[in-house]
Asker: 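Provided herewith is a single structure, encoded as structure tokens, for subsequent inquiry.
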Amino acid sequence: MCVNLDDRQAALTRWVAQQMQQLGFARRDAHAELEVVSGDASFRRYFRTKPESQGMTYIAVDAPPDKEDSRPFVAIARAWRQCGVQVPEVLAADFEQGFMLLSDLGDDLYLPLLAEDAEALYGRALAALVKIQGCPQPVDYELPCYDKQKLWDEMQLCPQWFFKELLGLALSPADELRLQDVFDRLVESALEQPVVCVHRDFHSRNLMVLPDGEVGVLDFQDAVSGPVTYDLVSLLRDCYISWPAEKEEKWLREYLGLAVAQGVWCSGETPSYAQVKRWFDWMGLQRHIKCVGIFSRLFLRDGKSGYLPDIPRTFTYLKRVCEAYPEFAEFNVWLDQTVVPAMAACSRLPAGNRL
């Protein structure tokens, strides 16, 4: 049965009032109105409530249970908070209705603040990342394994939604074989890496600057056990902002120093910088192949056009890696001859953002 979104918001408002009364709030505080904060690329919606007599605000989450499972979010949030990661505190959760009441990390997202002091902000983000990588499995929820099938399925989003649906390309059997070879190489590289706790979307739109200067972390419900460089790529080759190669290298070396000091590389000898850089680059290629597919699907299937301007930046990351490694030379030629012209001609990519 389809439930009207306004009906869900009304139900969430009543549920929040009940939970806040159970938490000891005065009646007038418990019935504070919900103000829309945002939605995201999923089906979740976020609202803020501010009790009159309280100096704090709270976040109410609507995650329809037929579309979103809130159990991983709650389990991971509780486990990571015990490790010192600044994620929202879960004050109440109703899995059957798909409602949560959380502490509020504020509105100071990393992305608009990076122009002011990127060095300090990235330094704190790298320290937070190392904490996440050192977290054990949640007690009541086992993080899924970022295995061969999952890595492969993610990359398949690119030929389906980006090449075929958005750009209108018809892939020949030779094209399909070429992609299979690239995907196989990237999966093999990913599975070579040490396995850690992976946030899976550790970037500037999911990180917050908290009042005490600490890093708040959002949108972690899809965390997995997987390759050690995955979150590092998400952060340093962010689909929403890019940096010169020399800054990337500086932060990569800074991360490696922190990770070694904190024992993240605990199985066998610490790999050389050259090996880590190769893993990082190839992991980035896997992620960015996936992301251009996701951004295309969000537009074509879900009607969310806001991610279209990020496709050229993401594709540029992808091309940089293909140009740097001879293993991807044939793929790079195909991109130059087939995909780049199709992007330039694609009217659905915003003007000024086409290659």
Side-chain angles (χ1 to χ4, degrees), residues 1-19 34-49 58-80 87-105 138 140-147 149-151 153-158 160-162 165-166 198-203 205-206 217-224 226 234 239 287 290-308 310:
M1 180 178 67
C2 180
V3 178
N4 186 283
L5 290 180
D6 290 340
D7 291 341
R8 284 198 60 83
Q9 183 173 341
L12 177 63
T13 301
R14 293 191 297 271
W15 179 82
V16 168
Q18 294 168 359
Q19 300 309 310
L34 301 185
E35 298 177 358
V36 176
V37 177
S38 69
D40 58 19
S42 71
F43 295 94
R44 290 181 296 273
R45 296 189 299 164
Y46 300 88
F47 303 85
R48 178 172 282 126
T49 180
Y58 301 87
I59 296 295
V61 183
D62 172 22
D66 60 329
K67 302 281 197 312
E68 303 282 341
D69 182 3
S70 296
R71 289 175 176 82
F73 181 98
V74 172
I76 295 165
R78 288 171 174 164
W80 287 12
V87 297
E89 180 182 3
V90 180
L91 303 173
D94 185 321
F95 299 130
E96 291 186 5
Q97 294 191 80
F99 297 152
M100 291 185 287
L101 182 64
L102 313 174
S103 62
D104 189 357
L105 299 188
D140 50 352
Y141 172 74
E142 184 175 356
L143 296 179
C145 179
Y146 217 163
D147 58 14
Q149 192 63 53
K150 187 179 290 290
L151 290 160
D153 289 346
E154 288 180 343
M155 289 186 286
Q156 287 289 357
L157 296 173
C158 177
Q160 178 185 354
W161 290 99
F162 181 52
E165 298 293 337
L166 186 68
V198 176
H199 177 291
R200 217 164 152 219
D201 251 339
F202 194 79
H203 56 66
R205 287 184 175 176
N206 286 332
V217 180
L218 304 175
D219 205 19
F220 45 80
Q221 63 281 339
D222 293 324
V224 293
S234 302
C239 293
R287 175 171 168 80
K290 172 186 77 169
C291 287
V292 293
I294 288 176
F295 293 161
S296 300
R297 185 177 67 179
L298 283 167
F299 170 61
L300 295 166
R301 188 191 70 181
D302 303 332
K304 298 182 179 182
S305 61
Y307 296 88
L308 288 177
D310 302 308

Asker: Is there a side-chain contact between Val61 and Phe73, using heavy atoms and a 4.5 Å cut-off?
Answerer: no
Asker: To check you understand the geometry: which heavy-atom pair defines the closest contact between Val292 and Cys158, and what is its length?
Answerer: CG2-SG, 3.7 Å
Asker: Does Arg8 use its side chain to pair, donor to acceptor, with the backbone of Gln97 at less than 3.5 Å?
Answerer: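 Yes; at least one donor-acceptor contact below 3.5 Å.
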Asker: Between Leu143 and Ile76, does the side-chain contact (heavy atoms from CB on, under 4.5 Å) criterion hold? Intermediate values first, please.
Answerer: CA-CA 9 Å; Leu143 296 179; Ile76 295 165; 3.9 Å; yes
Asker: Under the side-chain hydrogen bond (donor to acceptor under 3.5 Å, both in side chains) rule, collect the residues that match up with Ser234, sequence neighbours excluded.
Answerer: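 side-chain hydrogen bond (donor to acceptor under 3.5 Å, both in side chains) list for Ser234, sorted by chain: Arg287.
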Asker: For Phe202, which residues count as a ring pair (Phe, Tyr, Trp, His ring centres under 6.0 Å) partner, sequence neighbours excluded?
Answerer: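 Phe202 satisfies ring pair (Phe, Tyr, Trp, His ring centres under 6.0 Å) with His199 once adjacent residues are dropped.
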Asker: Please find the pair of heavy atoms, one from Ala63 and one from Ser70, that lie closest to each other, and give the distance.
Answerer: CB-OG, 3.6 Å
Asker: Within the structure provided, determine whether Arg78 and Val90 are in side-chain contact (heavy-atom separation under 4.5 Å).
Answerer: yes
Asker: Heavy-atom distance under 4.5 Å between the side chains of Pro88 and Tyr58, does that happen here?
Answerer: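 No, too far: nothing below the 4.5 Å cut-off.
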Asker: For the atom pair CG (Asp310) and CZ (Arg205), what is the distance rounded to the nearest 0.5 Å?
Answerer: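 Asp310 atom CG to Arg205 atom CZ measures 5.0 Å (nearest 0.5 Å).
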Asker: Check the pair Leu300 / Leu166 against side-chain contact (heavy atoms from CB on, under 4.5 Å), numbers first and verdict last.
Answerer: CA-CA 8 Å; Leu300 295 166; Leu166 186 68; 4.2 Å; yes
Asker: Quiz question: by atom type and distance under 3.5 Å, do the side chains of Asp219 and Gln221 form a donor-acceptor pair?
Answerer: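 The answer is yes; a qualifying pair exists.
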Asker: Just checking Glu89: does its CD atom have more than 12 heavy atoms from other residues, nucleotides or ligands closer to it than 6.0 angstrom?
Answerer: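 For Glu89, atom CD is crowded (more than 12 foreign heavy atoms under 6.0 Å).
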Asker: Looking at every heavy atom in both Leu34 and Gln9, which two are closest together, and how far apart are they?
Answerer: O-NE2, 4.2 Å
Asker: Quick check for you: to the nearest 0.5 Å, what is the distance between Trp161 atom CH2 and Ile294 atom CD1?
Answerer: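 If we round to the nearest 0.5 Å, Trp161:CH2 and Ile294:CD1 are 12.0 Å apart.
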Asker: Judged by atom type as modelled, is there a donor-acceptor pair below 3.5 Å linking the side chain of Glu68 to the main-chain atoms of Phe43?
Answerer: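 Yes.
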Asker: Heavy atoms, side chains only, cut-off 4.5 Å: are Arg71 and Val74 in contact?
Answerer: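 Of all side-chain heavy-atom pairs linking Val74 with Arg71, none is under 4.5 Å.
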Asker: Considering residues, nucleotides and ligands other than Glu35, do more than 12 of their heavy atoms fall under 6.0 Å from its CD?
Answerer: no
Asker: Once the angle between the rings of Phe99 and Trp15 is folded into 0 to 90°, is it parallel (under 30°), tilted (30 to 60°) or perpendicular (over 60°)?
Answerer: tilted
Asker: Can you tell me how far apart CD1 (Ile59) and CG (Asp104) are? Round to the nearest 0.5 Å.
Answerer: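 One gets 4.0 Å once the value is rounded to the nearest 0.5 Å.
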Asker: Quick one, Pro72 and Asp222 - any side-chain contact, counting heavy atoms below 4.5 Å?
Answerer: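 Sidechains of Asp222 and Pro72: no contact.
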Asker: Considering all heavy atoms of both residues, which atom of Ala75 and which atom of Pro138 are nearest to each other, and what is their separation?
Answerer: O-CB, 3.9 Å
Asker: Distance from His203 atom NE2 to Cys239 atom SG, nearest 0.5 Å?
Answerer: 7.0 Å
Asker: Let me confirm one number: the CG-NZ distance from Asp62 to Lys67, rounded to the nearest 0.5 Å.
Answerer: 11.0 Å
Asker: Please report the interatomic distance CD(Gln160) to CZ(Arg297), rounded to the nearest 0.5 Å.
Answerer: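 Result: 8.0 Å between the selected atoms.
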Asker: With a distance cut-off below 6.0 Å to the six-membered ring centre and an angular limit of 45° from the axis, does Arg200 pair with Tyr146 as a cation-pi contact?
Answerer: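 Yes - Arg200 lies over the ring of Tyr146, closer than 6.0 Å to its centre and within 45° of its axis.
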